[in-house]
Amino acid sequence: MFYASPKQMKAAEGYSDSHGVSYKELMENAGAAAAEFICRFSLAHDLSDGVLILCGKGNNGGDGFALARNLSEAGLNVFAVLTSGDPATELSAYEYCELSSFGNVTVMSLNDNIDGVFKLFSSCALIVDAVYGTGFHGELPPELKACFLFAARCKKAILALDVPSGGNCLTGEAAEGTLKCDFTVTFGCEKIGMLSEPLKSLCGEIITADIGFTDDCFSSVSYIGERLEEEYVRELFPARAEDSYKNRFGHLLNIAGSRRMSGAAAMSTLSALRSGVGLCTLASTEEVINRISASLPEATLFPLSADKSGSVSAENIAPIIELCRRMSAVSIGCGLSVADETKAVVKAVIEEVNCPIILDADGINCILDCIDIIRSTKNKLIITPHLGELKRLYSAAFGENASADRFTMATEIAREYNAIVAAKGTPTFIAGDGRLFVCKAGNPGLSRGGSGDVLTGIIAAFAAQGLAPINAAAAGVYVHGRAADLTAERLSIMGMLPSDVINELPFVFKEWNR
């Protein structure tokens, strides 16, 4: 299943038009697909009072006109309302002209007959929103807001074509007055914005209609969203051979912790151990190690000297880099703190280490003043920012006043710096190497300090075991989310803790017989 931004949909449509299914055919197919849904709907609902279709002047309105024609051919009474004047695109004008030969389609203008249109809201059986398409952003015109408000008050079933008008298909935002729909028939694939609130709820039940796009139409577009499926993740982990031994499953170095945040070091290390890594070494200050070592009997420990604040000192750079030479992956940042000393350590690791690096939390914050250092990595860098960290990274990369949606920030950072970005949120986006995975696993119980540390340990363990960095990040996000869902079932969303999610990790792998 794919998810596309408005710009990506335009690219997919262009590819389709030049490879066999024209723009006109796509519109015809969209009208037919929506009509098919309405005809199925009519089997359980009386539509004898007619279907009212609100048609804009762009191509979404053209979809509405094509729908009107198909419904007319099916014997239904149809009212097509021009909400913004005459059609303004070639395709919508063509579909509008085609209606002239259909006697049971009544065409009205909202501006010329507002009273008549409002009466139809009360008497019709179904309202269809075909005003604006996927490219909408901004505010609804006052006359449309009033129209939509009255339509909502009539308590009729409402269907949107492609997206509820007023919804932003990139950010998930919605303009004031956007209709709350019972159904949305979206064409080709769901749009990125439909994954986020409030647009997600305004769509109602989403039906994805095949209108002629091939997989090539979407795969030809870089960073098109792909739903991360359990089957894909499971197949990344073949059953272990009977003669397996620890060195086959990697050695992870986790550089984490400080005086105030020893728990982050403990959770990231334990989650890595629970995720199948052969060996895990925690590198932290002696104070942190003395505090948490009893809870980590399976880990090896590498004590580091501390600065006056209790954070890792820059004096440790040489021994850390030497230790990294024996590692298959390195994670750095969980509970590390942000200081001149830790900044120096993080920068040295990024510049000198020749294996995958997982950068989280304070590791991210330590490079905000030198973002271009990411270009110096000798292997792949996996970054795991929450929304605040993602915004800071994006501003550091593209300017102080830079602002964008989560999809754009993740994909642009991945593209610009050749990195893997796991942008945590609902859903989580994993971008890199031209791909974008969309992971819906997880729940609000993860909204607690420490959840990111657990995720970092899982991703780092998978990278250490040899998964390609994009797959390590994607699999880590999925397994973390699945473990959180199992935890919520057992303990509740309110009561679960990140440490409970760690304890649930074995049961995720048990589901797969791993």
Side-chain angles (χ1 to χ4, degrees), residues 172 195-198 200-201 228-230 233-234 254 256-277 280 282 284 288 291-299 331 333-336 358 360-362 384-390 406 422-430 438-462 473-512 514:
L195 296 166
S196 302
E197 297 293 354
K200 179 180 178 180
S201 294
L228 185 58
E229 303 285 359
E230 179 183 9
V233 176
R234 185 177 65 244
N254 182 28
S258 58
R259 178 176 295 159
R260 295 178 60 247
M261 293 177 283
S262 56
M267 286 187 289
S268 54
T269 302
L270 186 54
S271 63
L273 289 164
R274 283 290 190 190
S275 299
V277 69
C280 181
L282 169 63
S284 193
V288 170
R291 191 180 297 166
I292 67 176
S293 59
S295 65
L296 300 170
E298 294 86 2
S331 55
C334 295
L336 197 66
I358 297 82
D360 181 49
D362 283 336
T384 58
H386 58 54
L387 181 57
E389 292 161 348
L390 184 64
R406 204 158 52 91
K424 295 178 284 195
T426 306
T428 292
F429 297 138
I430 306 99
V438 176
C439 183
K440 293 185 174 183
N443 60 72
L446 290 172
S447 304
R448 286 175 173 82
S451 291
D453 304 314
V454 175
L455 174 61
T456 295
I458 300 169
I459 293 174
F462 293 165
V477 169
Y478 179 86
V479 168
H480 183 234
R482 177 60 183 152
D485 290 339
L486 292 175
T487 304
E489 290 175 11
R490 185 168 60 87
L491 297 177
S492 80
I493 286 175
M494 285 287 288
M496 62 186 279
L497 293 172
S499 55
D500 298 320
V501 176
I502 298 174
N503 294 333
E504 211 68 33
L505 287 170
F507 298 99
V508 177
F509 304 122
K510 187 177 180 181
E511 290 179 331
W512 304 342
R514 300 294 190 265

Measure across [X] and [Y] and return the closest heavy-atom pair with its distance rounded to 0.1 Å.
X    : Y    : result
L505 : S275 : CD1-OG, 3.9 Å
L455 : G476 : CD1-O, 3.5 Å
G172 : P198 : O-CD, 3.0 Å
A256 : C334 : CB-O, 3.2 Å
A299 : T269 : CB-CG2, 3.9 Å
S331 : N254 : OG-OD1, 2.9 Å

Measure from the side-chain N and O atoms of [X] to the backbone N and O of [Y], and report whether any donor-acceptor pair falls under 3.5 Å.
X    : Y    : value
E197 : S201 : yes
R406 : P427 : yes
K424 : T384 : yes
S492 : A488 : no

Please tell me if the side chains of [X] and [Y] come closer than 4.5 Å, counting only heavy atoms from C-beta onward.
X    : Y    : answer
L282 : I292 : yes
E511 : L486 : yes
I502 : H480 : no
V454 : S451 : no
N443 : M496 : yes
L195 : V438 : yes
K440 : T426 : no
W512 : E230 : yes

Requested in this report: Indicate whether any N or O donor in one side chain lies under 3.5 Å from an N or O acceptor in the other, for S268 and D453.
Outcome: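 The answer is no; no qualifying pair exists.
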
Query raised in the report: With a 3.5 Å cut-off and no angle check, do the side chains of T487 and D500 form a donor-acceptor pair?
Result: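 The answer is no; no qualifying pair exists.
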
Query - D485, I458, V501, V479 screened by side chain to side chain contact (heavy atoms under 4.5 Å, CB included) with V508, the one that passes - result: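 Exactly one candidate clears the test, V479.
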
Please round to the nearest 0.5 Å and tell me the distance separating atom [atom1] of [X] and atom [atom2] of [Y].
X    : Y    : atom1 : atom2 : answer
L296 : L273 : CG    : CG    : 7.0 Å
D360 : T456 : CG    : OG1   : 3.0 Å
S295 : M267 : OG    : CE    : 10.5 Å
R234 : Y478 : CZ    : OH    : 8.5 Å
R259 : S284 : CZ    : OG    : 11.5 Å

Query - salt bridge (Lys or Arg N to Asp or Glu O under 4.0 Å) partners for E298, two or more places apart - result: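 By the salt bridge (Lys or Arg N to Asp or Glu O under 4.0 Å) rule, E298 matches no residue at all.
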
Query raised in the report: Listed by chain and number, what are the salt bridge (Lys or Arg N to Asp or Glu O under 4.0 Å) partners of R448, not counting sequence neighbours?
Result: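 With sequence neighbours excluded, R448 shows a salt bridge (Lys or Arg N to Asp or Glu O under 4.0 Å) to no residue whatsoever.
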
Report task. Would you sort out whether F462 and V277 count as a side chain to side chain contact (heavy atoms under 4.5 Å, CB included), showing the intermediate values? Result -> CA-CA 7 Å; F462 293 165; V277 69; over 6 Å; no

**Report entry** Heavy atoms from other residues, nucleotides or ligands near CZ of R274 exceed 12 (cutoff 6.0 Å)
**Finding:**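 No, not enclosed.
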
